[in-house]
Amino acid sequence: MLYSKRKEAMAATRLKIRASAVVLYLTAVQCDAGSIINSVSFHDIAANDGAGISYRRVESVRDRIWDALKAQPVLSASQLGMVPLKSRGAPGVAIFDYDGDGDPDLYVTNGPGAANTLYANQWSERGALEFIDRSFDAGVAATDMDASGVCYGDIDNDGDQDLYVLGSGEPNRLFENLGNGTFADITASSGMGAGSHYSASCSMGDVNGDGLLDIVIANTSDTWDNRLAIFNAFGFNDHNQLFTNTGDRTFVDSSEASGIRELAGFPDQAPADAASVTWAIALVDYDLDGDADMVWVDDQGGGVLPANQGGVDRGFIHIMNNDGNGRFSDVTVQAGTNRFGDWKGLSFGDINGDGYMDLFATNVGDYVLTVFPRPLPYELGSYASRWFLGQPDGSFSDPGPGGLVSSVFGWGTVMEDYDNDGDTDIIYYGGGDGGPLIEVSNPGMYLNNDGAGGFRYDLDALDGSIDHSRRNVQGLASGDLNQDGFVDIVSVANLALPPPLPLVPYATHWGSDADATAFFFPSFTPVSQTGFSWNGMDPADGELAVEINSADNGNHWASVRLMGTAGLATRGVVNRDGIGAVVRFTPQGGTTVMHPVLGGASYASQDSLTVHLGMGRARKGVVDVLWPGGVHNRLYGLRASERLVIPEIPCSYLDDWDSAHDYRHCVARVLKELSQAGKLQKGLKRRLMRSAMRAFHETRSHGRRDDDSSDAGKSRRRYVRQARHGA
């Protein structure tokens with residue numbers, strides 16, 4: 001009897017062990033595939049005017065030119081240069097907390113006669129994700145504008161975020177946040193009208209290290225009433241602009257003095273003052289030396305063949321290196337980004353975990369150019385949206401699309417860990433209005449990172465959300481709208497193609513997962529080899545999509561917001577928003593990721609300034625901040641689900657301090673000042689002090705990193721010595 005019971009018990013134990021082994025095996029398979037444990041999905045709460053959002057992008061005045069061309073019996077190929085650019089507009093979107101209530105609000109631009117819309121998020125007030133239109137109450141409706149891009153930042157370091165809105169063939173507008181839920185139009189007094197250009201995107205950052213946010217503007221061509229600039233290499237293009245903040249909410253045009261008009265990489269036959277068509281721009285410290293460099297993307301143009309097809313190369317990703325004082329040098333050729341393309345949007349991060357900043361640029365993709373308008377054979381990848389990997393010498397390498405094989409059209413883009421598994425993913429949307437053909441191959445591309453910089457199309461992420469193949473998306477931005485720790489996506493389209501308008505699949509397939517979703521809308525029918533006839537079908541006005549992350553995969557997260565201490569601490573030199581800083585985060589047992597805090601990128605848009613940090617299954621991590629100017633601060637023990645505001649402590653643990661006592665004294669003084677100013681809670685103050693000293697001692701016991709003897713390291717140490725002695 002006893003033997004029998006023991007035998008039964010042993011058999012039961014073996015069954016339990018086998019069952020546990022199966023569970024562990026299945027879990028391992030799921031984790032390895034990344035398709036179950038880390039899967040999330042998005043849904044659009046703005047569909048059918050939900051959540052209080054009823055935005056529609058109205059037509060621009062130049063759409064009348066297009067209507068007249070469509071009314072002709074035949075549109076000839078020779079008239080394609082007369083088709084207006086973006087006749088339905090070029091809207092952008094910004095995610096920012098304009099009213100200081102702790103939840104992110106939305107600002108989206110519109111066309112003449114319609115308000116630019118400021119949607120106030122009601123999450124903190126009602127606990128529900130609903131929005132109220134405050135455009136007119138806040139004074140930012142600007143109904144007379146044909147607005148395009150938008151960016152924001154605290155230009156006067158008074159603790160709230162100001163708004164810069166771009167115009168199409170008219171002056172831009174600067175709105176000062178008054179801190180009471182309203183804005184004042186200070187365009188005239190600030191000098192930020194910037195002329196009457198056709199501007200697409202803008203970005204804020206401190207280019208000269210004075211603690212004030214400057215503004216750079218991406219300009220395109222001299223008009224959008226036609227697209228001659230797209231068909232002519234250098235005849236109709238417009239230079240970008242840089243405006244330097246001089247304090248007292250005024251700016252001066254530093255475009256010429258800064259060197260940003262001295263461009264490299266163009267062929268010898270280009271004019272001496274040659275420019276190109278720029279769609280997106282960012283002030284970003286790409287080489288991690290503590291100053292704001294400039295990166296922008298140019299359009300090769302549908303009618304300008306590249307050099308390898310008998311034309312000229314002009315559509316580059318320009319890398320403008322800052323000398324630290326606001327003087328820029330075009331290092332595009334040295335950086336290896338003088339690769340032609342119809343580049344549209346920009347995002348940044350470290351996608352392969354090697355410690356260097358990478359960039360992603362959207363392009364027209366591998367489908368539309370197989371049929372229109374280039375007559376020559378198309379080579380797969382020539383115009384692919386793609387990522388470029390940062391190298392130790394400041395250059396970038398192009399690894400190609402890998403397993404993705406082919407890419408689709410893109411405008412706006414963000415780099416975010418949308419599934420919070422601890423690596424950096426890529427998201428991009430977009431569609432192209434090419435005249436006789438509307439390109440809609442992009443259903444909303446979610447590129448899921450395998451942790452080593454390899455990507456797969458996550459076609460399930462938008463299963464059940466809106467069909468972006470029927471939206472011509474322009475601007476795109478990211479932020480955590482419902483404060484659940486998972487990033488949400490907001491996008492704005494300039495036109496929509498609701499049923500029964502037909503979508504036609506491309507005939508060319510590349511053997512990619514993207515083949516199944518690649519469509520175009522044939523607004524015209526070919527009637528000859530050189531002529532087209534309008535089919536009588538018009539698109540509808542574009543709308544806003546607010547896609548909320550399901551946040552249901554069990555992965556942990558934390559978030560940080562940066563606070564520069566210019567005007568708050570004796571040695572503080574960083575703008576109040578911390579724009580221009582680079583955040584590194586290492587979850588316990590995980591790979592270090594990188595998140596630059598940008599005052600505008602993507603296309604015509606700006607993300608929330610809150611940095612979202614995926615942790616996977618980890619419950620703690622380490623945050624390291626490279627502040628503008630080169631100072632490094634570190635915080636140990638950031639906990640899962642924690643939301644912190646991390647202040648600039650202008651006492652770098654990498655500096656050559658005479659003693660630990662001197663370093664402690666510097667940190668303690670700053671923390672005391674911030675505490676007395678009411679900007680720092682006691683518990684965080686203690687954590688910051690402990691972390692500062694731990695970083696100081698660990699750096700010295702383990703030896704400084706290799707790059708600390710580089711020019712960047714020397715610059716950091718020199719900067720902090722000057723700050724200390726000048727205090």
Inset, instruction - Taking the six-membered ring for Trp and the single ring otherwise, decide whether the centroids of Y152 and Y164 are under 6.0 Å apart. - result: no
Legend entry - Any donor-acceptor pair under 3.5 Å from N322 side chain to G324 backbone: yes
Legend entry - Check: S196/E170 side-chain N/O donor and acceptor closer than 3.5 Å: no
Inset, instruction - Would you please indicate yes or no on a ring centroid separation below 6.0 angstrom for F696 and Y653? - result: no
Legend entry - D287 side chain to Y356 side chain, donor-acceptor N/O pair below 3.5 angstrom: no
Legend entry - For the student: nearest non-hydrogen atoms of S203 and C151, plus distance: N-SG, 3.8 Å
Inset, instruction - Could you tell me the separation between the CD1 atom of I217 and the OG atom of S255, rounded to the nearest 0.5 Å? - result: 7.5 Å
Inset, instruction - Hey, could you give me the CG/CG distance between L389 and D358, rounded to the nearest 0.5 Å? - result: 5.0 Å
Inset, instruction - Kindly say whether V625 contributes a backbone atom to a donor-acceptor pair with the side chain of N633 at under 3.5 angstrom? - result: no
Legend entry - Worked check of side chain to side chain contact (heavy atoms under 4.5 Å, CB included) between V216 and M294: CA-CA 9 Å; V216 64; M294 198 180 300; 3.5 Å; yes
Inset, instruction - Let me know which of T362, D342, D299 forms a side-chain hydrogen bond (donor to acceptor under 3.5 Å, both in side chains) with W279. - result: D299
Legend entry - Non-hydrogen side-chain atoms of D607 and V414 separated by less than 4.5 Å: yes
Legend entry - Option among T244, L174, T246 that satisfies the side chain to side chain contact (heavy atoms under 4.5 Å, CB included) test with F251: L174
Inset, instruction - Using modelled atom types only, decide if a donor and an acceptor are shared between the side chain of E648 and the backbone of V574 within a distance under 3.5 Å. - result: yes
Legend entry - R576 (side chain) donor-acceptor with D160 (main chain) under 3.5 angstrom: no
Inset, instruction - Decide yes or no for V295 and I281: does some side-chain heavy atom of the first lie under 4.5 Å from some side-chain heavy atom of the second? - result: no
Inset, instruction - First locate atom CG of D158, then atom CZ of R249, and finally report the distance between them rounded to the nearest 0.5 Å. - result: 6.0 Å
Inset, instruction - State, without any angle test, whether N219 and H239 hold a side-chain donor-acceptor pair at a distance under 3.5 Å. - result: no
Inset, instruction - Verify the distance criterion only: is there a donor paired with an acceptor across the side chains of D248 and T250 at less than 3.5 Å? - result: no
Inset, instruction - Using atom types as modelled and distance alone, determine if a side-chain donor or acceptor of S602 lies under 3.5 Å from a backbone N or O of G412. - result: no
Inset, instruction - Quick one: do I427 and T413 satisfy side chain to side chain contact (heavy atoms under 4.5 Å, CB included)? Show the steps, please. - result: CA-CA 6 Å; I427 303 169; T413 171; over 6 Å; no
Inset, instruction - Determine, for D398 against R386, whether the closest basic-nitrogen to carboxylate-oxygen distance falls under 4.0 angstrom. - result: yes
Legend entry - Heavy-atom pair of closest approach, residues W627 and G578: CZ3-CA, 4.2 Å
Inset, instruction - Give a yes or no answer on whether the side chain of D253 reaches the backbone of A194 with a donor-acceptor pair at less than 3.5 Å. - result: no
Inset, instruction - List the steps, then state whether ring pair (Phe, Tyr, Trp, His ring centres under 6.0 Å) holds for Y383 with F340. - result: CA-CA 8 Å; Y383 287 84; F340 69 84; 5.4 Å; yes
Inset, instruction - Answer whether the closest heavy-atom distance between the side chains of D214 and F243 falls below 4.5 Å. - result: no
Legend entry - Minimum heavy-atom distance between A280 and G345, given as atom pair plus value: CB-CA, 3.8 Å
Inset, instruction - Say whether H632 and D624, considering side chains only, have a donor N or O and an acceptor N or O under 3.5 Å apart. - result: yes
Legend entry - Side-chain donor/acceptor of D350 to backbone N/O of M357, under 3.5 Å: no
Inset, instruction - Compute the ring centroids of F455 and W387, then answer whether they are less than 6.0 Å apart. - result: yes
Legend entry - Residue pair W411 / Y429, side-chain heavy-atom distance below 4.5 Å: no
Inset, instruction - Write down the atom of V582, the atom of M594, and the distance for their closest heavy-atom approach. - result: CG1-CG, 3.5 Å
Inset, instruction - I would like to know whether T278 and V297 meet side chain to side chain contact (heavy atoms under 4.5 Å, CB included); could you show each step before the answer? - result: CA-CA 6 Å; T278 303; V297 287; 5.6 Å; no
Inset, instruction - Give a yes or no answer on whether the side chain of D298 reaches the backbone of F316 with a donor-acceptor pair at less than 3.5 Å. - result: no
Inset, instruction - May I ask you to check whether F234 and F266 place their ring centers less than 6.0 Å from one another? - result: yes
Inset, instruction - Locate the shortest heavy-atom distance separating P91 from A604; write the atom from each residue and the value. - result: O-CB, 4.3 Å
Inset, instruction - Answer whether the closest heavy-atom distance between the side chains of P267 and D313 falls below 4.5 Å. - result: no
Inset, instruction - Would you sort out whether L242 and V207 count as a side chain to side chain contact (heavy atoms under 4.5 Å, CB included), showing the intermediate values? - result: CA-CA 9 Å; L242 170 64; V207 303; 4.2 Å; yes
Legend entry - Spacing of CG belonging to N237 relative to CG belonging to N232, to within rounding of 0.5 Å: 7.5 Å
Legend entry - Side chain R561, main chain T610, donor-acceptor under 3.5 Å: no
Inset, instruction - Examine distances only and state if a side-chain atom of R634 and a backbone atom of A695 form a donor-acceptor pair shorter than 3.5 Å. - result: no
Legend entry - Flag side-chain contact, heavy atom, 4.5 Å: N575 against D154: no
Inset, instruction - Any chance you could measure E176, atom CD, to M192, atom CE, to the nearest 0.5 Å? - result: 14.0 Å
Legend entry - Residue among L598, V284, L609, L283 satisfying side chain to side chain contact (heavy atoms under 4.5 Å, CB included) with I579: L609
Inset, instruction - Taking atom CD of Q391 as the centre, report whether more than 12 heavy atoms of other residues, nucleotides or ligands fall under 6.0 Å from it. - result: yes
Legend entry - Residues N321 and Y286: side-chain donor-acceptor under 3.5 angstrom: yes
Inset, instruction - To the nearest 0.5 Å, tell me how far I426 CD1 sits from D417 CG. - result: 12.0 Å
Inset, instruction - Check whether any side-chain heavy atom of D577 sits under 4.5 Å from a side-chain heavy atom of Q161, and report yes or no. - result: yes
Inset, instruction - Check the angle between the aromatic planes of F360 and Y428 and answer parallel, tilted or perpendicular using the 30° and 60° thresholds. - result: tilted
Inset, instruction - Check whether any side-chain heavy atom of T220 lies under 4.5 Å from a side-chain heavy atom of D238, and answer yes or no. - result: no
Inset, instruction - Report yes or no: do S254 and S258 form a side-chain donor-acceptor pair below 3.5 Å? - result: no
